[in-house]
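Each remark here refers to the structure printed beneath this line.
Residue numbers begin at 1 in each chain, while the letters A, B, ... track the order of the sequences.
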Number of protein chains: 4
Amino acid sequence: MFIEIQTNSSVPIYLQLAQQLIEGIARGELKPGDSLPSVRAFAADLGMNMHTVNKAYHYLEEKEFIQIVAKSGVIIQPNGIPKATAEEQQRLAEQIRPLVAEGLVLKLSEEEMVDMVRELVQHIKEGSS
Amino acid sequence: MFIEIQTNSSVPIYLQLAQQLIEGIARGELKPGDSLPSVRAFAADLGMNMHTVNKAYHYLEEKEFIQIVAKSGVIIQPNGIPKATAEEQQRLAEQIRPLVAEGLVLKLSEEEMVDMVRELVQHIKEGSS
Amino acid sequence: MFIEIQTNSSVPIYLQLAQQLIEGIARGELKPGDSLPSVRAFAADLGMNMHTVNKAYHYLEEKEFIQIVAKSGVIIQPNGIPKATAEEQQRLAEQIRPLVAEGLVLKLSEEEMVDMVRELVQHIKEGSS
Amino acid sequence: MFIEIQTNSSVPIYLQLAQQLIEGIARGELKPGDSLPSVRAFAADLGMNMHTVNKAYHYLEEKEFIQIVAKSGVIIQPNGIPKATAEEQQRLAEQIRPLVAEGLVLKLSEEEMVDMVRELVQHIKEGSS
DNA sequence: GTGGTCTAGACCACT
DNA sequence: GTGGTCTAGACCACA
C-alpha cells in the first residue's frame with residue numbers, strides 16, 4: 001500500500017492519509033480484519049507526526065471503517081462495512097453537490113460528469129491515479 | 001436568489017456563499033452581465049461581515065465566474081463562462097475522487113453513484129435543496 | 001487619437017486615459033499647443049463620467065504635461081515639456097524598480113529586460129499596442 | 001533581510017512588503033526552500049497587522065513565488081521559480097509601458113532608459129536602495 | 001456609494 | 001505555534 005502525501009496541498013495531511021486508506025479499502029487491498037500499522041510505526045514510516053496518523057485513524061473510526069483496539073492495534077472493520085444508510089448517502093450527495101454545480105457552470109454536460117464518475121470508479125478499483 | 005448559510009457547518013461561510021452563488025449561475029438565475037449586491041449591502045442582508053462577502057467574491061473572481069469592477073460593482077462574467085479546460089476537469093475529478101472512494105467503501109454501486117450525480121444535476125437546475 | 005479603456009482592469013479609468021494621452025504626446029501625435037477636447041465633450045465621446053476626464057486632466061496638469069485654462073480649454077504644454085529633472089528620473093526609476101525585480105525573479109536576464117524596454121519604445125513611437 | 005515601509009506612500013503596505021520580498025528573492029538572499037517568518041511574528045516585527053502580512057503572502061503565493069503550507073509555515077518556492085512565460089513577460093511589459101511612455105515625454109532617450117534599467121538591476125542585486 | 005486597504009482582536013483546525 | 005476564518009469598525013480612492 002503506497003501512501004503519497006502532497007505537503008503543499010490545502011487538504012490536511014491527516015485527511016489525505018485517511019482518503020488513501022479509504023481507497024485501499026475500496027480497492028480491496030485492505031480487507032476486513034486486516035491490521036494496519038501502529039500509529040507510531042506508521043508515523044515513522046511516512047515521516048509524519050504521530051498525532052497526524054492518530055487523527056486519520058480516529059477519522060476512519062468515526063466512519064466505522066476501522067476499529068481501534070486500545071493497546072492492541074488497528075484493524076479494518078472485521079464484520080465488513082455495511083451498505084450506506086440513506087443518511088450517509090445524503091451526506092455524500094451534499095459534499096458532491098458544490099462540485100457538480102461548479103461542473104455545470106463550467107458547461108460540463110450531465111453525461112460528461114457521469115463519465116467522470118465512471119472513470120473515477122475504474123481508476124480507484126485499479127489503483128491508478 | 002435565496003442564500004442559506006449553516007453557521008455551524010465546517011464549510012467556511014464565505015465558501016458556502018460562493019457555492020450557492022455558483023448554483024445560482026448553474027441554474028441560470030444569475031446570467032452573464034447580471035450585477036450582484038455590493039459587499040456591504042449583501043453582508044447586511046445576510047447578517048454577515050463585509051469581509052466575508054468580499055472573500056466569497058474574490059474566490060469567485062479567481063475562478064473567473066464573476067468580475068469585480070473596482071469602485072463600481074460586481075457582475076457575473078459578462079462574456080459567458082468558457083467550457084472547462086482539461087485541467088479544470090482534472091481538478092474537479094480530483095476533488096470528487098475521495099467522495100467516490102468513500103461511496104465504494106459504503107458499497108454503493110457505480111450506477112447508484114451515477115444516479116446520485118444525475119439527481120444532483122436535476123436538483124441544482126430546479127433550485128431545490 | 002484612439003482611446004481604448006479596459007473597464008475591468010485594476011488600473012483606474014482616469015489613469016488609463018491619462019496614460020494614453022501621454023503616449024499620444026510621446027508619439028508626437030499631440031504637439032505643444034494642441035488643444036484637447038473639453039471635459040464635457042471628451043466625457044461624452046468616451047462614454048465616461050465628466051469627473052473621470054477631469055481627474056485625468058488634473059493628473060496631467062500636475063505633471064505639467066498640459067495646461068488647463070479655466071473656461072477656455074485644455075492645451076498641451078505650449079512651451080514644450082522640459083527634460084526630466086534628476087528628481088523625476090529618480091521617481092520613474094522607483095516605479096520601475098519592483099517590475100525589474102519581478103523580472104529578475106522570473107529569471108529574465110538584464111538583456112531581456114533591456115530588449116523589452118527597447119521594444120516598448122518602438123511600439124509607443126509607432127502607436128502599436 | 002531589512003524591510004522598509006513608507007506609510008505615507010500611495011503603494012499599499014502589503015504591496016510594499018511583497019515587493020521587498022521579491023527583491024530579496026531576486027538578490028538571492030531568499031533562496032528556494034527558505035522559510036519566511038510567521039504572519040504574526042513578521043507583523044509584530046514590522047509593526048503592522050497580521051492581516052497585512054497575510055495579504056502580502058497570499059499575493060506572493062498567487063504569483064507562485066512562495067508556498068503557504070497551511071498551519072505549518074511559509075517557504076520560498078522550493079522547486080525554484082520557473083522562467084517567465086511569454087504571457088508573464090507580456091504582462092510585465094504592459095506594466096512598464098506607461099512608465100516608458102512618461103520617460104519619452106520627459107525627453108529621456110532610449111539609451112537613458114536602458115541605462116536606468118541596467119542600474120536598477122545592479123542596485124537590486126546589491127541590495128542598495 | 002463602491003470596492004480597497006488597514007487595524008484589532010477572537011476562535012479554530014492542524015502540526 | 002501555525003495559518004484560516006470571522007467579526008468589527010475605520011479611512012481612502014474612484015465613479
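- Nucleotide E:dG9 has F:dC6 as its partner under the Watson-Crick or G-U criteria, with both atom distances under 3.5 Å.
- For the pair C:Tyr14 and F:dC14, the criterion of a side-chain N or O lying under 4.0 Å from OP1 or OP2 is met.
- The side chain of D:Lys55 contributes an N or O atom lying less than 4.0 Å from OP1 or OP2 of E:dT5.
- Spacing between atom CZ of D:Arg40 and atom P of E:dA10 amounts to 12 Å, rounded to whole angstrom units.
- Taking atom NE2 of residue B:His51 and atom C1' of nucleotide F:dA8, one finds them 9 Å apart after rounding to whole Å.
- For E:dT7, the OP1/OP2 oxygens have a side-chain nitrogen or oxygen of D:Thr52 closer than 4.0 Å.
- Across the interface with DNA chain E, nearest-nucleotide mapping of D:Asn49 and A:Val11 shows D:Asn49 to be the residue nearer the 5′ end.
- Here the P atom of nucleotide F:dG3 and the CD atom of D:Glu61 are 12 Å apart, to the nearest Å.
- Applying the 4.0 Å criterion to OP1 and OP2 of F:dT2, one finds that D:Ser72 has every side-chain N and O outside that range.
- If you check every strand for non-hydrogen atoms under 4.0 Å, B:Met50 touches a base.
- The side chain of D:His58 places no N or O atom within less than 4.0 Å of a non-bridging phosphate oxygen (OP1 or OP2) of F:dG3.
- Phosphate proximity of E:dG4 to B:Asn54: present, with a side-chain N or O under 4.0 Å from OP1 or OP2.
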